[in-house]
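Just so it is clear, the values below take in all heavy atoms, side chains as well, and ignore hydrogens, waters and symmetry mates. Sequence lines set the chain letters: A, B, ... in the order given, protein chains first and strands last, and positions in each chain run from 1.
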Amino acid sequence: MTQRKEKGQKRKREMAEQELQTIYDPQAIEAKWQKRWEETGEFHADVDPARPKYYVLEMLPYPSGTMHMGHMRNYTIGDAVARYKRMRGFNVLHPMGWDAFGLPAENAAIQRGIHPREWTLTNIASFKRVCRRFGFSYDWRREISTCEPEYYRWNQWFFLRMLERGIAYRKRSRVNWCPKCATVLANEQVVNGCCWRHEDTPVEAKEIEQWFLRTTQYADELLDCLNKLEAGWPDRVLTMQRNWIGKSRGARVRFAVEGLSGETIEVFTTRIDTIYGATAVILAPSHTLMGKLLEGSSQQAPNEERVAQMRRMSVKMEDIATAEKEGFFTGRYAVNPFSGEKLPIWVGNFVLMEYGTGAVMCVPAHDQRDFEFCKKYKLPIRVVVQPLAGEPLFAEMMDHAFDEHMEGKLVESGPYNGMSPAAAIEKMAAEAEARGFGQAETIFRLKDWGISRQRYWGTPIPVMYCEQCGMVPVPDDQLPVVLPSNVKLTGQGQSPLASDPAFVNVKCAKCGGAARRETDTMDTFMDSSWYFYRYADAHNDSAPFDPAVVRYWFPIDQYIGGIVHAILHLLYSRFFCKVMRDLGLVNHDEPIARLFTQGLVLKGGTAMSKSKGNVVGAEDMAQKFGCDTGRLYTLFAAPPEKDLEWNDQSIEGCSRFLNRVFRTFSRHAVWVRGAAGRKADLASATEKEKALLRKTHETLRRVTQDFEARWHFNTSVALIMELMNEVQAAEPLRENCRPEVAREVFEITALMLAPMAPHLGEELWEMLGHGEGLGKANWPAYKPELAAEEQVEIVAQVNGRVRAKLVVEAGLSEEELYQRALAHPRVADQIDGKRVVKKIVVPNKLVNIVVK
RNA sequence: GCGGAAGUGGCGGAACUGGCAGACGCGCAGGACUUAGGAUCCUGUGGCCGAAAGGCCGUGGGGGUUCAACUCCCUCCUUCCGCACCA
């Protein structure tokens with residue numbers, strides 16, 4: 001029999017001895033620890049000024065359908081961080097709740113003939129069960145659900161505060177209307193410009209009164225504060241937010257309309273310096289002046305038809321960008337206030353009513369869109385900015401607009417000739433203001449936040465309309481305005497609440513007369529814009545939260561969620577924070593210090609979703625492998641910010657690994673426990689022991705680094721796997737090292753695993769003889785003296801190619817290293833007969849000898 | 001069109017500040033133990049040539065800087081994401 005065979009048989013006997021203990025039963029272990037955690041209130045955190053706090057939060061889920069591994073990835077990352085921070089001594093706030101209002105519940109309810117509340121509560125129960133099954137370290141005392149009056153009354157309260165300050169206001173605005181459903185559609189329900197349920201029916205624009213929040217009042221601050229977030233937020237998100245806010249400096253200029261006394265067309269431009277090159281004024285099809293302009297023109301009827309057609313066209317957002325430029329002459333002229341020149345007024349499909357003033361001055365020589373438009377309709381092109389370098393431009397020869405405004409000087413621009421565009425922009429805006437036909441202006445792409453939804457399953461907007469008093473806010477002491485439960489949902493008509501007379505008819509809070517309640521509900525983004533404050537003080541029934549409590553916990557140290565919320569949710573949350581600050585409720589400007597956007601979990605190349613049928617259910621996973629395996633796999637399979645392609649085979653590797661860890665620990669548990677209290681000292685350690693300790697502490701060093709800086713948990717897992725491989729290679733352990741050494745190795749291993757596979761971590765910790773759970777354990781300190789290498793492997797290169805590897809004592813001098821490399825036969829061979837032209841020595845790493 | 005991210009074995013991925021490309025895991029191949037194995041353990045596993053020693057090639061393509069490039073520079077290609085006629 002070979003030696004290896006003997007070894008194998010011996011190990012097998014050993015394993016058989018321990019057979020009863022060597023079966024890793026994740027179901028039993030996980031249930032055991034979850035029960036224990038619950039009993040001890042392990043994850044409850046309360047204000048404690050004596051300890052440093054850490055608020056880690058995962059975006060609250062919308063409870064629909066089943067929880068899959070895509071959800072779990074988010075929470076696993078957050079949980080690993082929460083547990084790590086606890087081990088580091090932080091007072092960790094880690095809550096969970098439910099984004100429970102929303103359209104899908106309403107639709108599901110209509111489809112199934114049940115109440116949205118029933119549907120939602122069922123889903124919440126299921127989501128919560130799965131979260132518990134995964135053992136996430138949430139403080140469940142703080143659980144919130146946005147569809148409960150205890151929560152949404154504060155939405156209403158915030159709304160009323162905003163109303164008082166003029167931040168909430170009402171105006172007529174367009175909504176999407178499906179004529180077949182006879183209902184308002186949410187933007188998400190508009191597919192290719194058509195109703196999602198009637199794909200052949202174009203959505204119509206309908207104007208109704210709606211509530212808005214003045215986010216634009218904070219536009220500048222929302223933009224500027226992004227700079228403060230640079231250290232903690234992904235660039236991608238900052239960029240998206242900057243683009244969304246879309247600050248643009250320019251000028252507003254009024255053009256008088258010929259033949260319509262007193263009427264002017266306002267134009268916004270960032271290039272007022274090119275105004276002498278304007279050859280037309282172009283209006284958006286839905287411009288408010290359109291009716292007056294067309295009235296009485298020779299082409300009135302056909303032109304009105306054209307406008308109507310363009311308005312219909314502009315619904316299809318899909319191909320707006322690529323659509324051919326269309327337009328026509330209205331028959332009227334505007335006067336360039338600078339030059340006095342008469343410019344034809346056109347209508348153009350590429351001018352947006354929603355941006356700027358809904359009208360542009362058309363400067364074909366210096367704007368590519370205007371250029372294309374004028375080429376198509378044979379409008380004149382006039383160059384008014386010439387490049388500083390190179391050939392002068394001639395209109396007839398241009399094939400695209402010259403819009404590089406940094407390098408040019410003005411021509412054919414009256415008194416401004418010779419100026420740089422930058423100087424002219426300033427001078428001309430001042431001139432416009434002095435002469436009363438314009439001024440410098442900054443505009444934003446950001447629009448006010450429309451929060452009215454003609455839906456049932458949301459927070460009622462707390463106002464009423466009285467014939468005598470007009471709009472009357474619901475007084476605070478009448479909050480909450482409770483969402484009635486017995487409203488018939490048909491998916492037809494306007495706001496479902498309007499069909500409930502018991503809800504609608506109310507006594508005016510001012511005069512006591514007959515009034516009608518507002519029947520729209522709030523956008524659910526309202527719910528999620530401040531929920532993380534509520535967690536801090538979840539059961540306060542006299543205020544949304546106690547400012548003192550919030551002061552302790554805020555800002556959120558780490559927020560974790562999907563990139564899908566990069567713009568709206570986060571922007572609204574930041575807006576809310578600023579409003580709260582101005583209300584004196586909080587003392588910070590930004591609610592979230594650090595943001596992490598995790599990647600998606602894909603199966604078959606696309607994100608998991610029920611409709612695609614590619615979900616891996618979280619509960620199934622816990623049932624099959626145990627949740628620790630599921631957690632470990634989601635951390636191991638990819639770095640957390642990248643998308644993760646789910647692989648049913650690959651996860652078995654993680655299962656095997658945890659099994660192996662469990663068996664190794666149980667095999668040696670009794671032996672190792674015997675060494676409790678004894679230190680593994682280096683002085684008396686054998687080479688094998690030193691190697692093991694070194695590997696352990698080097699692993700600890702790098703895993704700690706992963707948790708502190710990079711969050712590359714995939715490499716952490718890999719490192720721990722390597723360590724276990726090393727331990728396995730050192731078998732039979734009892735012959736190769738003393739129990740105190742093994743104990744140190746095992747303890748560190750258990751502690752490192754704890755944030756990622758917490759149930760097994762606890763179990764292993766207990767196996768090592770610790771009576772108290774990991775709640776009392778600290779993250780181990782890495783000992784540099786144990787990780788220090790005495791010997792290092794040096795790569796010896798000749799002309800940049802590896803020719804040999806030599807193991808030498810650490811810390812050798814450059815010259816000594818060079819000599820050692822030179823002495824290696826394989827190196828010597830390569831150098832033989834050639835001239836050494838250069839030698840590069842990197843201490844403890846490499847020697848490269850360049851020869852000719 | 002603009003902005004951003006990324007491209008490494010059969011697959012997921014590693015390589016920290018320019019210093020051994022492919023750690024770790026999956027898969028695959030061979031073996032051990034087995035009545036059996038979809039359990040467990042061991043060995044091998046980028047490609048080509050070679051019995052081996054070893055050699056050559058290799059990180060999307062091309063070029064460059066360097067003793068040394070997945071890493072830096074230029075250029076092109078591809079994929080994904082966001083914005084999309086923003087005046």
Which nucleotide wins on minimum distance to the side chain of [X], given the candidates [options]?
| X | options | value |
| --- | --- | --- |
| A/R710 | B/G19, B/G82, B/A15 | B/A15 |
| A/A718 | B/C24, B/C20, B/C86 | B/C24 |
| A/K838 | B/G55, B/G13, B/C67 | B/C67 |
| A/T239 | B/G3, B/G19, B/C81 | B/G3 |
| A/V802 | B/G25, B/C20, B/A14 | B/C20 |
| A/R826 | B/G54, B/A84, B/G13 | B/G54 |
| A/F636 | B/G13, B/G19, B/G25 | B/G25 |
| A/Q649 | B/C85, B/G27, B/G25 | B/G27 |
| A/R663 | B/U40, B/C20, B/G12 | B/U40 |
| A/R656 | B/G25, B/A87, B/G27 | B/G27 |

Do any side-chain nitrogens or oxygens of [X] fall under 4.0 Å of OP1 or OP2 in [N]?
| X | N | result |
| --- | --- | --- |
| A/R803 | B/A68 | no |
| A/N725 | B/G25 | yes |
| A/R702 | B/A15 | no |
| A/Q728 | B/C41 | yes |
| A/T715 | B/C24 | no |
| A/R801 | B/C57 | yes |
| A/R660 | B/C24 | no |

Checklist entry - In whole angstroms, how far is the C1' atom of B/C81 from the CG atom of A/L602? => result 12 Å
Checklist entry - Between B/C16 atom P and A/N714 atom CG, what is the distance in whole Å? => result 13 Å
Base partner of [N], which must satisfy Watson-Crick or wobble distances under 3.5 Å:
| N | result |
| --- | --- |
| B/C2 | B/G82 |
| B/G9 | none |
| B/C28 | B/G44 |
| B/A14 | none |

Item to check | Stepwise side-chain contact (heavy atoms from CB on, under 4.5 Å) test for A/M240 and A/R236 | outcome: CA-CA 6 Å; A/M240 282 160 82; A/R236 185 156 61 131; 4.0 Å; yes
Next on the checklist: What I'd like to find out is whether the side chain of A/E641 reaches to under 4.5 Å of the side chain of A/H712, using heavy atoms alone.
Outcome noted: yes
Item to check | Side chain to side chain, A/W711 and A/I77, heavy atoms closer than 4.5 Å | outcome: yes
With a non-hydrogen cut-off below 4.0 angstrom, is [X] in contact with a base, only sugar-phosphate, or nothing?
| X | answer |
| --- | --- |
| A/V351 | base |
| A/Q368 | nothing |
| A/K839 | nothing |
| A/V360 | base |
| A/D235 | nothing |

Item to check | Flag, side chain of A/Y633 to backbone of A/N647, donor-acceptor distance under 3.5 Å | outcome: yes
Could you measure between the two [atom1] atoms, the one in [N] and the one in [M], and give it in whole Å?
| N | M | atom1 | answer |
| --- | --- | --- | --- |
| B/C28 | B/C74 | P | 44 Å |
| B/C20 | B/C77 | C1' | 31 Å |
| B/A84 | B/U17 | C1' | 39 Å |
| B/C70 | B/G9 | P | 14 Å |
| B/A14 | B/C72 | P | 16 Å |

Checklist entry - Got a donor-acceptor pair under 3.5 Å from the side chain of A/E793 to the base of B/C20? => result yes
Next on the checklist: Distance criterion of 3.5 Å, no angle test: do you see the side chain of A/K325 paired donor-to-acceptor with the base of B/C85?
Outcome noted: yes
Next on the checklist: For the residue pair A/N349 / A/R306, report whether a side-chain donor-acceptor contact shorter than 3.5 Å exists.
Outcome noted: no
Checklist entry - To the nearest 0.5 Å, how far apart are NE2 in A/H366 and OG1 in A/T269? => result 11.5 Å
Checklist entry - What is the glycosidic conformation of B/G55: syn, defined as within 90° of 0, or anti? => result anti
